[in-house]
Visitor: 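Pasting in a structure now, in structure tokens, and then I'll have a few things to ask.
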Amino acid sequence: WSGNPVELTATWVGGLAVAPPRFDLIPGQPSQGLRVLDLEHDGDGWALTLEGTAGRTYTLELFGPTLVAETVEGRGSARIEGTALSLDVDRSAVGRQTMIVRLVPAG
């Protein structure tokens, strides 16, 4: 390498990435944050398994194609807003709840 500028090109093809959720905690405070438990490709879309606290609303950034979201298991609702997944965990539930959200490309 002679010190001249180098141009690198990366190509992305398909797939989906989920930004890890981040929540600030005070030492000793129990976590009420969202947990991503699994993301699995299942043919024409993805199954995203999440755990959150009842009565909370979470936002999770997604990187990939434009998606449509549907809750397929668990108590709550999910919707796509731009590049983010907005998740409402059922307010009538108690404690930590697990949900599976089906994500499929829009169109």
Side-chain angles (χ1 to χ4, degrees):
W1 182 64
S2 62
N4 294 324
V6 176
E7 182 177 324
L8 300 175
T9 303
T11 303
W12 174 79
V13 179
L16 177 67
V18 178
R22 182 175 171 261
F23 293 91
D24 295 326
L25 295 173
I26 298 168
Q29 174 187 7
S31 173
Q32 293 190 7
L34 182 66
R35 294 182 183 136
V36 176
L37 302 179
D38 193 21
L39 175 62
E40 182 178 343
H41 186 263
D42 60 0
D44 61 345
W46 296 267
L48 178 61
T49 306
L50 304 161
E51 180 186 86
T53 300
R56 299 279 311 259
T57 297
Y58 301 99
T59 301
L60 189 61
E61 283 294 319
L62 304 173
F63 302 95
T66 303
L67 299 166
V68 175
E70 172 188 11
T71 303
V72 293
E73 187 176 312
R75 297 172 63 179
S77 64
R79 65 192 170 285
I80 299 292
E81 298 174 353
T83 61
L85 171 66
S86 182
L87 181 72
D88 293 312
V89 182
D90 191 335
R91 297 189 187 298
S92 66
V94 177
R96 302 288 293 175
Q97 299 292 312
T98 301
M99 296 174 62
I100 299 176
V101 177
R102 175 108 169 94
L103 301 168
V104 294

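Source: prediction; values computed, not measured. Scope of the values below: all heavy atoms of this structure, side chains included, with no hydrogens, waters or symmetry mates.
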Visitor: Considering non-hydrogen atoms only, spot the tightest contact between G45 and P105 and give its length.
Guide: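 Smallest interatomic distance, heavy atoms only, reads CA-CD, 4.5 Å.
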Visitor: In terms of heavy-atom contacts, does CD of E61 have more than 12 from other residues, nucleotides or ligands at under 6.0 Å?
Guide: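 Yes, because the 6.0 Å sphere around CD of E61 holds more than 12 heavy atoms from other groups.
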Visitor: Looking only at heavy atoms, which two atoms of L16 and W46 are closest? And how far apart?
Guide: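 Closest heavy-atom pair between L16 and W46: CB-CE2, 3.6 Å.
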Visitor: Could you report the tightest heavy-atom contact between S31 and L25, atom names first, then the distance?
Guide: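 Closest pair (atom of S31, atom of L25, distance): CA-CD2, 4.1 Å.
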Visitor: Indicate every side-chain donor-acceptor pair of residues 33-41 with a distance under 3.5 Å to a residue at least two apart or in another chain.
Guide:
from : atom 1 : to  : atom 2 : distance (Å)
R35  : NH1    : E51 : OE1    : 2.5
H41  : NE2    : G43 : O      : 3.2

Visitor: Taking all heavy atoms of L62 and all of L67, pick out the closest pair and write down the distance.
Guide: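 So the minimum-distance heavy-atom pair works out to CD1-CD1, 3.8 Å.
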Visitor: Report the C-alpha distance between D42 and R102 in whole Å, list the side-chain angles of each, state the deciding distance to 0.1 Å, and finish with yes or no for side-chain contact (heavy atoms from CB on, under 4.5 Å).
Guide: CA-CA 9 Å; D42 60 0; R102 175 108 169 94; 2.7 Å; yes
Visitor: Identify which one of L50, L103, L60 satisfies the side chain to side chain contact (heavy atoms under 4.5 Å, CB included) criterion when paired with V18.
Guide: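 One option only clears the test, and that one is L60.
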Visitor: I need the single residue from L87, T71, D88 that forms a side chain to side chain contact (heavy atoms under 4.5 Å, CB included) with R79. Which is it?
Guide: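 Looking at L87, T71, D88, the match for R79 under the side chain to side chain contact (heavy atoms under 4.5 Å, CB included) is D88.
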Visitor: Do the side chains of V72 and V101 get nearer than 4.5 Å, heavy atoms only?
Guide: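 A side-chain contact under 4.5 Å is absent here.
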Visitor: Can you tell me how far CG of D24 sits from CD of Q29, rounded to the nearest 0.5 angstrom?
Guide: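 Taking CD in Q29 and CG in D24, the distance rounds to 9.5 Å.
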Visitor: Looking at every heavy atom in both Y58 and T53, which two are closest together, and how far apart are they?
Guide: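 Minimum heavy-atom contact is OH-N, 2.9 Å.
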Visitor: Restricting to non-hydrogen atoms, name the atom on I100 and the atom on A47 that form the minimum distance, rounded to 0.1 Å.
Guide: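 Scanning both residues completely, I find the closest heavy atoms to be CG2-CB, 4.2 Å.
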